[in-house]
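The structure appears below as structure tokens.
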Amino acid sequence: MSFDAEKEISKLWRNLHSAQAEIGKTYYRWRQVALEIAGPDADPREIGLKAAYVIGKDVGKGLLPRLNWLKGEEGFMMMLGRSLAGLWNVEGAQAMAEKGEKPGEVFIKCARDPWPTYAKEFDVPMEEVAACREKMFQSILEDVSVFFNIPLNIELEKAIPRGEGMWVLRLYKAE
Amino acid sequence: MAKLLYEWDYSSYPGAKAYPNLFKPIDIGNLTVPNRIKYAATEENLNARDGFVTDSGVEYMRWRGRGVVGGLCFMQGVYMDEAAKGQGYVGQAGAWHDKYVPGLARIAEAIHAEKAVAGFQLMDCGRVGAVEVPEGHGPSTVPQRLRVFKPMKEMTNAEVKEMVKQHVDAARRGVEAGFDIMEISGIVGYLISNFISSYTNRRTDEYGGDIRGRMQSVVEIIQGVKDVCGPDIPVGIRLCSEELLDDVRGNTPEESMETYKIAEEAGVDYISVTLGWQESIYPVISRDIPMGNWTHLAKRAKENVKVPIQMAYRLFKPGLPDELIGKNELDIWEMCRPMIADPLMPKKVLEGKEDEIRHCVACNLCLARLFRDAPMTCYINPVCAHEAEPVFVAPPKADDEKEILIVGAGPAGLECAYVAAQRGHEVTVYDKRDEIGGTLNEAQNAPYGDDELWTCIDYQKVMCEKAGVEFKLGTEVTDDIIEDEMPDSVVLATGPVYTDIQGNDKVKVVNVLDVLGGRAQVGKKVVVWGNRKPGIGVSLHLAQKGVKTTLIGREKTAGFDVNPSFKWRYMIYLRQNGVMAYNDCMIEEVTETGIIVKTYDGYRFPVECDTIVLSDRQANESLKKTVQSEGIELFVVGDALVPRNLSSAVHDGYRIGMRI
């Protein structure tokens, strides 16, 4: 039996992208369910932010065993930034962490993000997509901050609602 | 004048001559202990879920009490709060109410019946606790690093004071139960260590801040416990000499030494040196850590405080602790796991029967079981936790003495052989090899401490010789031999058979045993087929020789058969040695340049190799039909029955030896 590398890789790639898309869409399907159960008076944005918070908290717990302080504050911040970018990449984005100019400052930049596209299918406002991304990362940092006894924050500086340009989030040590 | 509880005269024993420092007395506070041996408090999950002592727990301790031959024998740490936030194990003994005193007294009496010093330990499990309740307690609400442990809630100032009182009340119950020495557990992530560590204590009241503040609750506990114990009952503490938490901003070693000095100032009569936390990323006590690796920490403690210093941690044999005591770098030799593997270990040392010791192999299965709410067991000692069952402790003489033919002199066959022979059977062990040990002859060559596994064979060999087992080595058992001998029973302990790769004439194929035994040569790129322990062992063996090694197997994770407390070490070593592992896969095809791997979900990819090492095993069916067709009683043990690990071989062998 001969091995056809192109065929195997294309099958793997196709299935990976399908899985990423299904996961993204399923997130918004569940949002629909939550809105229907919550009723007409519920604020969709509030529900989205709550979901982002819950997801972020759980993801943050998973990060704790993988982070460490052995390389000091600068190394730790880059490790954390890379972890956040890596989480985004697993969801189908193209993100990276870059050292900022100030001590301990790291920028997470994302050149391509499929989530606004999924959101559009479900009539979710782009502002909510951006706010939820920020909220999710912020809630990831909650436990990390307490665990390492270092106040961390992340803020969205620039969003790309339709996938043009670059998302930019600033990760830094809060005063 | 210090008080001596029981007179012991070791002068006529060979062990006292060989290890004179181990068998000389020492004063701890106002108590004289006849020797320098201590069974350190160890959880065993043998008590009832409500914290009451059981017969199993009492007999477990009786045997350890016998083992220390007059030395210190500590029961497991007790939890002290009714809310059970401090309970870290489902079978942990409770001491939060006077109703527990009669049960605790049974343990003290059992230890005293062996003329040993009975020790009581106070242990709130803190961050590692709350096994039966949804939330734990600690100095601060620091999230758990390991999800297996419950979320933490910060104790109020009043709750800290109540916790101190709980320690004192529980100590009083220990005294009422008849214990002779008291110990506070401040180790490996339990509550006391949570208060001491900068990692978990972020408090701003009098119980937090600098190292003195973080030690404040400990000082109050020590002083309160000393008050209820009075002058005749010494009080000690187990404290971390190094937390090994530098990756999460834990205490420095200097701060840890400061805790020793503060504890001494507070009045402790001895300190037990410990090391590491459950959450630490560094290994401390597993087989890959050399024996005696941490003795410098005992020496450092001796340089910092004047009270007697005790230590365990990879001190499995008597020679080194004897030497350290002689050099004044240690005062008392502590043991947990060596006396789980063989409760009479120090007694055998004293009696000059070291060759009859069943040595711990530092696999940590005992600890892994505790965290999975299972009763204590030992990888290598089938009797462990069955001390209350006479049939296990001393299998009765057989009703009918039989002629038993055992095929295979590996760990399963040897274990079965001596147990059956002790029961009065006439046992002959055959093996086609010229030496005993079976596949352990080769398996002991795997790196990271597997040579220690051979101690099992050393023990079994001595036990077989003493039980009168006959050996016919270099003899392969055939159908003819069975038909000629016509024994009453046959035990097949033939080891596994190895799964071959079908339809391959392109790549060299060798067996894992031949590689580890140095009989087979491999190329520069090797695929190891089979991702259980033998596959991991040979992969690391080859990778350390510079061979590019890929591990492939059908199990969902590599090391499926390795217990979780050791498996994480292998995962790190595979990564460090550059071994690529593909799990849940099959070898679909062998090509001119290597193999095609097929994943469980149908993906295929090539892996280059010039040699395939077979380590995937199956049950061994050989000789079964012949034995059955002759109407001979048949037993199959070890890997011949189901390929597993050394522990299964030993336990199978022992149980069949009891039954046959």
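- Nearest heavy-atom pair, A/Phe147 versus B/Gln144, reported as atom, atom and distance to 0.1 Å: CE1-C, 4.4 Å.
- B/Pro143 and A/Val146 make their closest contact through CD-CG1, 3.5 Å (heavy atoms, listed as atom of the first residue, atom of the second, distance).
- Of the listed residues B/Asp247, B/Asp246, B/Thr141, the one with more heavy-atom pairs under 4.5 angstrom with chain A than any other is B/Asp247.
- Residue-environment remark: CZ (A/Phe122) exceeds the threshold of 12 foreign heavy atoms within 6.0 Å.
- Between A/Ile150 and B/Arg249, the shortest heavy-atom contact is CB-NH1, 4.0 Å.
- More than 12 heavy atoms of other residues, nucleotides or ligands sit less than 6.0 Å from atom CD of A/Glu155.
- Separating the OG1 atom in B/Thr200 from the CG atom in A/Asn149 is a distance of 10.5 Å, to the nearest 0.5 Å.
- For A/Lys173, the NZ atom counts as loosely surrounded, since its 6.0 Å shell holds 12 or fewer non-hydrogen atoms of other residues, nucleotides or ligands.
- No side-chain heavy atom of A/Glu8 sits under 4.5 Å from any side-chain heavy atom of B/Phe605.
- Around the NZ atom of A/Lys57, the shell of radius 6.0 Å holds more than 12 heavy atoms that belong to other residues, nucleotides or ligands.
- Closest heavy-atom contact between A/Pro65 and B/Arg145: CG-O, 3.2 Å.
- When A/Leu67, A/Asp58, A/Val144 are compared by the number of non-hydrogen pairs under 4.5 Å with chain B, A/Asp58 comes out ahead.
- Rounding to the nearest 0.5 angstrom, the gap separating the CD1 atom in B/Ile281 from the CG atom in A/Leu70 is 5.5 Å.
- Neither the backbone nor the side chain of A/Ile9 comes within contact range of chain B; no heavy atoms are under 4.5 Å apart.
- Considering every non-hydrogen atom in both A/Asn15 and B/Tyr603, the closest pair reads ND2-OH, 2.6 Å.
- Within residues 131-139 of chain B, no residue has a heavy atom under 4.5 Å from a heavy atom of chain A.
- Counting heavy-atom neighbours within 6.0 Å of A/Trp30 CH2, excluding the residue itself, gives a total of 12 or less.
- Residue A/Lys50 places its NZ atom among 12 or fewer non-hydrogen atoms of other residues, nucleotides or ligands, all under 6.0 Å distant.
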